[in-house]
Protein chains: 2
Amino acid sequence: MNEVRETLSKLVRLEEEEWLVLASCLHEESLPKKSPLLKEGEICTFIAFVSTGAFRYYFLKDGIEKVTSFFFSKDFVSDYSSFLSEKPSMHYIESISTSVVYKLYKKDLMLLYDKYKNIEKLGRLIAENLFLSVDKRLNAFLYLSPEERYKELMNRNPNLSQQVPQYMIASYLGVEPETISRIRKRNS
Amino acid sequence: MNEVRETLSKLVRLEEEEWLVLASCLHEESLPKKSPLLKEGEICTFIAFVSTGAFRYYFLKDGIEKVTSFFFSKDFVSDYSSFLSEKPSMHYIESISTSVVYKLYKKDLMLLYDKYKNIEKLGRLIAENLFLSVDKRLNAFLYLSPEERYKELMNRNPNLSQQVPQYMIASYLGVEPETISRIRKRNS
DNA sequence: GCTTTTTCTTGATTTGAGTCAACGAATTTT
DNA sequence: AAAATTCGTTGACTCAAATCAAGAAAAAGC
């Protein structure tokens with residue numbers, strides 16, 4: 001729980017009371033490997049802080065899993081689009097390994113937003129950060145070739161291939177596993 | 001100026017005082033056709049409300065203009081990434097037609113955020129909305145073929161081709177102008 | 001109006017990634 | 001440890017979009 005506080009404190013300085021009431025809204029949940037946190041068709045009603053473990057965020061296109069994101073320790077995992085719009089999610093979120101998360105439900109968060117100015121601010125900062133990360137990812141698709149995307153991803157996250165299988169990385173980069181294989185061969 | 005208020009009022013209910021102080025921070029600016037609002041290398045210090053006119057948001061890749069977005073009347077135009085991160089922009093923002101905007105500078109906005117809870121909330125809602133739109137666009141690249149992207153864009157914005165030349169639409173969809181030409185031929 | 005420039009279309013060719021398929025390598029299961 | 005399943009590599013082939021190039025059409029300028 002303290003990791004949550006630490007992570008949040010990098011964004012905003014919360015009053016003691018604000019933290020306590022926020023903490024009282026956090027629900028701990030443990031998941032074994034390959035457990036669903038969210039399924040297609042559900043409305044995502046939570047933001048979850050990843051304490052330990054890892055998650056993948058994917059959707060099915062013609063029965064094939066397309067990975068859109070990964071979430072690791074200290075990340076906030078959610079289908080933020082579904083969370084905001086309250087529309088059914090098109091995605092699955094599934095644990096890659098044994099995981100512990102702290103869930104914060106939207107109905108609680110909305111009350112906190114209204115009551116506590118610093119939590120409202122926290123909400124803005126979270127939204128801004130998420131904007132920055134989607135924007136960066138969109139730019140990678142607009143600006144870069146698959147090979148450039150792969151190199152940049154590996155540069156910024158050198159141990160990713162130890163954490164997730166290569167076919168998920170391929171999917172994340174919007175290419176087929178064979179393409180990653182060939183990129184690796186070319187650059188070795 | 002009243003259009004600004006109307007647009008904002010759809011997001012949050014501002015107190016009279018909040019609106020007045022916000023309005024006092026808006027700077028009107030008129031631009032002839034093809035004028036820059038932002039250039040590559042500059043830090044984007046503003047969010048501008050488009051009163052009349054249209055803008056294109058692009059970057060140069062090997063000297064070739066790649067259009068990332070369009071902004072029309074009632075949109076907020078900014079390099080929001082640069083605005084948030086305070087890093088130099090990689091983009092140009094240029095008027096497509098004669099335009100009038102109301103600029104709100106970051107230094108002013110930050111003070112407003114601190115002082116007025118509803119403006120802080122407005123900031124969150126703007127960030128959330130921008131997140132949703134980038135996320136949607138990213139999904140279009142992840143899920144859809146160029147042809148599907150084109151059809152969807154035209155569906156949602158039937159008069160876009162009257163407002164901007166086709167080569168900019170091509171660029172926006174991440175394809176070459178010839179491809180749009182061929183898609184149109186196929187579907188006629 | 002005509003001229004010039006910009007934008008759009010069409011064809012021929014190239015190319016990078018996808019698809020299909022087969023086969024090793026590595027994990028997991030029992 | 002052996003068997004089974006999953007994962008990664010490689011090759012042959014296909015295909016959709018990029019590239020190159022030449023004109024046609026439309027818009028802007030005079």
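Below, read A as the first sequence line, B as the second, and so on, with proteins coming before strands; counting in each chain starts at 1. Bear in mind the structure is a predicted one, so any value in this text is a computation, not a measurement.
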If you go through the side-chain atoms of B/E176, does one of them form a donor-acceptor pair with the base of D/dC20 closer than 3.5 Å? no
Would you call B/K87 and B/D79 a side-chain contact if the rule is heavy atoms closer than 4.5 Å? no
[atom1] of [X] versus [atom2] of [N]: gap in Å, rounded?
{"X": "B/K33", "N": "C/dT6", "atom1": "NZ", "atom2": "C1'", "answer": "11 Å"}
{"X": "A/I64", "N": "C/dT19", "atom1": "CD1", "atom2": "P", "answer": "7 Å"}
{"X": "A/R149", "N": "C/dG16", "atom1": "CZ", "atom2": "P", "answer": "15 Å"}
{"X": "A/I169", "N": "D/dT9", "atom1": "CD1", "atom2": "C1'", "answer": "16 Å"}
{"X": "B/E65", "N": "C/dT6", "atom1": "CD", "atom2": "P", "answer": "12 Å"}
{"X": "A/Y150", "N": "D/dG8", "atom1": "OH", "atom2": "C1'", "answer": "12 Å"}
{"X": "A/R186", "N": "D/dG11", "atom1": "CZ", "atom2": "C1'", "answer": "15 Å"}
{"X": "B/I180", "N": "C/dT10", "atom1": "CD1", "atom2": "P", "answer": "14 Å"}

Consider the side chain of A/E178, meaning its heavy atoms from C-beta on, and name the nucleotide among C/dT19, C/dC8, D/dT19 that approaches it most closely. C/dT19
Testing C/dA17, D/dC7, C/dT7 for proximity to the side chain of A/P146, the answer is C/dA17
Look at the side-chain N and O atoms of [X] and state whether any lies under 4.0 Å from the OP1 or OP2 oxygen of [N].
{"X": "A/T179", "N": "C/dG18", "answer": "yes"}
{"X": "A/R184", "N": "D/dT9", "answer": "yes"}
{"X": "B/Q166", "N": "C/dT6", "answer": "no"}
{"X": "A/K34", "N": "D/dT6", "answer": "no"}
{"X": "B/S181", "N": "C/dT10", "answer": "no"}

Could you check whether B/S181 and B/E178, counting side-chain N and O atoms only, form a donor-acceptor pair closer than 3.5 Å? no
Among side-chain atoms of A/E40 and A/S89, is any donor-acceptor pair under 3.5 angstrom? no
Rounded distance [0.5 Å steps], NZ in A/K117 versus CD in B/E120: 4.5 Å
Counting the atoms with a prime plus P, OP1 and OP2 as sugar-phosphate, which does A/P177 contact under 4.0 Å by heavy atoms, base, sugar-phosphate, or nothing? nothing
At under 4.0 Å between heavy atoms, what does A/R182 touch on the DNA or RNA strands: base, sugar-phosphate, or nothing? base
Counting N and O atoms only, with roles assigned by atom type, does the side chain of A/T7 sit under 3.5 Å from a partner on the main chain of A/R5, one being a donor and the other an acceptor? no
